[in-house]
Amino acid sequence: MISSQRSYEVVKDHDFDVLIIHGVGNPAIGHLVRLVTETLKRTLPDRMATIRISECNWNKIVEPSARNGAILWNALVDLSTSLARASAISDGLPVNNRIARLLRVLSACALMFAEIGIAAALAGFVLLLLLGLSLTSANSVGLFRDAVPVGISFILWSMLAPVGALPLLIVSGLARALILRASAPFFVELRRALLLVFRPFLILTLSFFFLPWRRAASEESLSFFLFNSLLLAPLMVCMGLVFSWLDPSFQWSELGTATMKTYGFIVGLSMAVVAIAFVTVRMIAPSLKVLLDIFRYIGSRGYREAIQAHMNALLRERFAVSEPERPIYILSHSLGTVIALDSLLSSGEWAGDAQVTLITLGSPIRRFFVRFFPGLFFPTSVTQAATTVSAQMNFRWINCYRPLDQVGTALGLSGLAYCRDVSTNQWKRIWDAHPDYWSDDCVAHAITKAIIATPMNLVDVEQRDRFAPQQYIVADGLDALEKFRQQAFAAICRVIAVAFLLAPLIIGTTVVWANYSTSLVEAAKADVIEATGIDTLATVTHWRKRIPKSAGDYFDYFNLTYKSFDGADRTAPLSYHYRGPLQTIDYQVNVAALVDDVRSHCYDVDPQPAMRIELPYRRKCRSENIRLRYDPNAPDRFVFPDFPPNRSWWDGMRDCAFSFVYTLPSLLFAGALTLVIAFPLGTLILGLNVFKKV
């Protein structure tokens with residue numbers, strides 16, 4: 001009866017403070033204070049003069065990693081390491097059973113092999129990409145086709161490790177739960193299995209939004225696109241006038257079609273960039289911020305300590321200006337309830353005679369933290385946490401939740417007289433059941449009634465002295481087994497990182513060997529045709545196409561028509577890509593000599609009208625009676641005896657040397673692509689920021 005009387009006086013007859021602790025997200029400073037003030041004015045209009053409201057905006061302490069809608073590099077690295085650490089945190093339960101200990105070792109090994117398998121699959125994908133770009137750029141497409149099935153098989157076999165580890169983790173957790181008669185091991189292994197699947201897809205998806213889409217959709221960029229679009233119309237008209245003067249067959253309708261396609265491309269590109277930027281700002285960035293808030297508090301020790309240090313500073317300031325007996329109401333929501341209870345359990349700034357009423361709104365303490373991270377920040381049960389706090393200070397706990405809240409639920413506090421679970425009975429709120437507790441009058445009335453009906457647990461000085469603040473985080477959440485697993489996995493990751501550093505040299509050597517082997521094979525085929533072939537006369541049609549935006553590169557196209565020994569008419573196309581000093585050897589013909597001969601003894605066969613200014617060898621030109629030697633067993637294989645190619649040792653060395661040099665741009669491009677897309681995924685899967693350290 002005395003406790004109830006004291007509880008009533010705390011609300012009605014004394015001044016009190018309200019400390020607001022927000023949940024995940026990026027709330028503006030002062031916004032929640034304004035919402036709570038307006039709600040209190042409607043609920044307790046006569047008490048506003050005696051209420052002092054303050055805010056713990058912990059979001060401003062640690063810089064948001066998704067600020068202004070931009071996905072920053074540090075955000076992906078932080079999320080990677082935090083998720084990896086969250087996966088490694090153990091259940092914190094003492095294990096005396098030998099079988100249970102063996103199952104824990106089996107679970108740790110399965111998790112390590114699963115992560116190695118995912119890392120190997122990623123390495124195989126990146127190496128296959130590098131090899132493909134290098135071999136195709138060095139005209140070794142045939143070898144790349146042989147390498148693709150091998151690479152895909154390696155990736156698939158590597159993925160068997162995580163696929164097999166998932167059921168093993170679940171079965172191990174279930175068996176340990178049955179042996180120890182506790183549900184914590186099962187939920188811990190379930191959490192590890194979910195994170196094992198969740199991490200790669202999450203980072204791979206977010207890596208696309210790592211690009212500065214919001215900057216690309218800024219007003220300056222859109223103005224630049226609009227300015228260029230306006231200049232496009234007169235530019236296309238000028239180009240049409242030039243083309244009509246150069247080419248009598250020019251048609252304005254073709255230019256109009258090209259102009260409309262160009263405008264359509266510009267409009268489509270602008271709309272795509274704006275849409276991606278909108279999705280990034282409104283959906284991706286807030287989602288990433290929520291994940292960062294949760295998993296950084298779990299997996300980053302510095303992040304948690306910075307928030308708790310800010311809480312301690314607010315408490316010192318509050319107790320410096322107010323008497324400890326002045327009641328303080330902690331009004332917290334979502335992750336803020338975790339921060340509040342963590343402070344009450346572990347902070348030494350709380351005065352022993354403080355009167356604290358903890359009000360939690362939509363709290364995930366029981367549904368997520370106690371269930372999936374038992375013993376990390378709190379005792380293994382919510383009632384034990386409440387009992388521990390009540391032994392240190394005058395305390396009561398009101399937990400308010402909506403029935404269909406996706407995150408918060410009842411905490412099971414009904415067994416304690418000074419704690420109460422309160423439902424708002426708002427069954428119609430489904431999709432918006434978790435947010436917007438602050439300005440809800442129904443929530444305010446439910447809390448007020450619960451405070452009046454719930455007594456505060458009062459403790460004496462002798463009882464308080466026997467209890468000291470405790471840190472309910474067991475060995476930073478990692479036991480000896482998990483630390484050993486991480487050290488072993490880190491060593492394996494360093495080996496993989498060194499392999500990535502040696503990959504360009506290995507791939508370059510592979511390209512040189514592939515070109516050298518191809519050269520030997522082509523030379524052998526040409527020698528056989530020259531020794532055993534049959535001569536005939538061929539008609540050769542030649543034309544040339546230059547490659548746009550290239551440094552003098554072009555294609556020479558030949559159309560060959562000749563009769564074989566059986567009297568059949570045969571037609572064979574032949575193309576040659578000129579790359580300047582990076583060209584490869586052609587063992588069928590000296591292309592430059594053949595082009596000169598055809599062009600000096602040919603007649604024009606191009607039906608299109610001649611332009612005033614013609615590019616060299618653009619028009620089709622045909623020459624007859626050019627000697628050709630073909631293989632009698634394969635008439636489609638031939639050489640030109642009158643135009644033998646140069647086959648000196650220097651040509652072979654040049655081919656190999658320049659093919660190796662030519663792979664460097666593709667390797668650099670693939671390296672940049674790896675840094676933008678594959679590196680965050682690799683960092684996440686490897687669990688530690690190994691690449692950055694190496």
Side-chain angles (χ1 to χ4, degrees), residues 1-12 14 16-21 23 327-347 350-371 374-403 405 407-425 437 442-460 463-464 466-467 469-470 472:
M1 187 69 181
I2 296 177
S3 298
S4 177
Q5 179 75 17
R6 181 67 176 274
S7 171
Y8 182 82
E9 291 178 354
V10 168
V11 178
K12 301 295 288 186
H14 292 289
F16 61 89
D17 295 339
V18 177
L19 176 60
I20 302 172
I21 306 177
I328 178 172
Y329 290 79
I330 303 177
L331 189 59
S332 57
H333 173 251
S334 191
L335 185 62
T337 65
V338 178
I339 297 173
L341 183 59
D342 193 4
S343 175
L344 290 171
L345 285 168
S346 59
S347 175
W350 291 98
D353 51 354
Q355 296 186 14
V356 180
T357 300
L358 175 61
I359 302 173
T360 54
L361 308 173
S363 176
I365 292 176
R366 180 185 181 187
R367 178 172 285 175
F368 292 103
F369 280 81
V370 173
R371 177 173 296 171
L376 180 59
F377 302 133
F378 320 120
T380 54
S381 68
V382 181
T383 55
Q384 185 179 353
T387 303
T388 303
V389 176
S390 65
Q392 303 174 28
M393 65 194 75
N394 304 317
F395 177 72
R396 63 180 162 187
W397 189 346
I398 308 297
N399 176 59
C400 183
Y401 64 96
R402 295 191 178 106
D405 193 325
V407 177
T409 183
L411 300 181
L413 299 172
S414 57
L416 300 176
Y418 52 90
C419 301
R420 188 178 298 268
D421 282 313
V422 180
S423 174
T424 62
N425 295 321
Y437 274 86
C442 181
V443 174
H445 287 295
I447 293 174
T448 303
K449 293 180 181 179
I451 292 175
I452 296 175
T454 305
M456 178 172 289
N457 184 73
L458 304 178
V459 295
D460 54 24
Q463 184 178 0
R464 286 197 303 267
R466 292 199 303 268
F467 291 90
Q470 302 182 42
Y472 283 95

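The chain is numbered in sequence order, starting from 1.
- The nearest pair of heavy atoms linking Val443 to Arg402 is CG2-NH2, 4.1 Å.
- Every residue meeting the side chain to side chain donor-acceptor pair (under 3.5 Å) condition with Ser343, not counting sequence neighbours, appears here in chain and number order: Trp350.
- A donor-acceptor pair under 3.5 Å is formed between the side chain of Arg366 and the backbone N or O of Ala410.
- Atom CG in Leu344 sits 5.5 Å away from atom CE in Met393 (nearest 0.5 Å).
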- Task: Applying side-chain contact (heavy atoms from CB on, under 4.5 Å), run through Leu341 and Thr337 and close with a yes or a no.
- Result: CA-CA 6 Å; Leu341 183 59; Thr337 65; over 6 Å; no

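- With values rounded to the nearest 0.5 angstrom, Thr357 atom OG1 is found 11.0 Å from Leu331 atom CG.
- With rounding to the nearest 0.5 angstrom, the CE atom of Met456 is 14.5 Å from the CH2 atom of Trp397.
- Results of the side-chain hydrogen bond (donor to acceptor under 3.5 Å, both in side chains) test with Asp421 over Asn399, Thr360, Thr409 single out Asn399 as the only residue that passes.
- For Arg420, the side-chain contact (heavy atoms from CB on, under 4.5 Å) partners two or more places apart in sequence, or in a different chain, are Ile398, Val422, Ala450, Ala453, Thr454.
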- Item | Working for side-chain contact (heavy atoms from CB on, under 4.5 Å), residues Leu345 and Val389 | CA-CA 6 Å; Leu345 285 168; Val389 176; 3.6 Å; yes

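- For Tyr437, the side chain to side chain donor-acceptor pair (under 3.5 Å) partners two or more places apart in sequence, or in a different chain, are Asp405.
- Within the 3.5 Å criterion, the main-chain N or O of Gly336 finds no donor-acceptor partner in the side chain of Ser334.
- Note: Leu358 CG to Cys419 SG = 8.5 Å, rounded to the nearest 0.5 Å.
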- Message: Test side-chain contact (heavy atoms from CB on, under 4.5 Å) on Leu416 and Arg396; report intermediate values, then the result.
- Response: CA-CA 9 Å; Leu416 300 176; Arg396 63 180 162 187; over 6 Å; no

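- Looking only at side-chain heavy atoms (C-beta outward), Phe369 and Pro364 come within less than 4.5 Å of each other.
- For Pro455 against Ala417, the heavy-atom pair with the smallest separation is CD-O, 3.5 Å.
- Here CD1 of Ile20 is found 10.5 Å from CD1 of Ile359. Values are rounded to the nearest 0.5 Å.
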- Message: Is there a side-chain contact (heavy atoms from CB on, under 4.5 Å) between Thr388 and Phe395? Walk through the geometry before answering.
- Response: CA-CA 10 Å; Thr388 303; Phe395 177 72; over 6 Å; no

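- Taking OH of Tyr329 as the start and CG of Asp17 as the end, the distance is 10.5 Å to the nearest 0.5 Å.
- For the pair Pro403 and Thr424, the minimum side-chain heavy-atom distance is below 4.5 Å.
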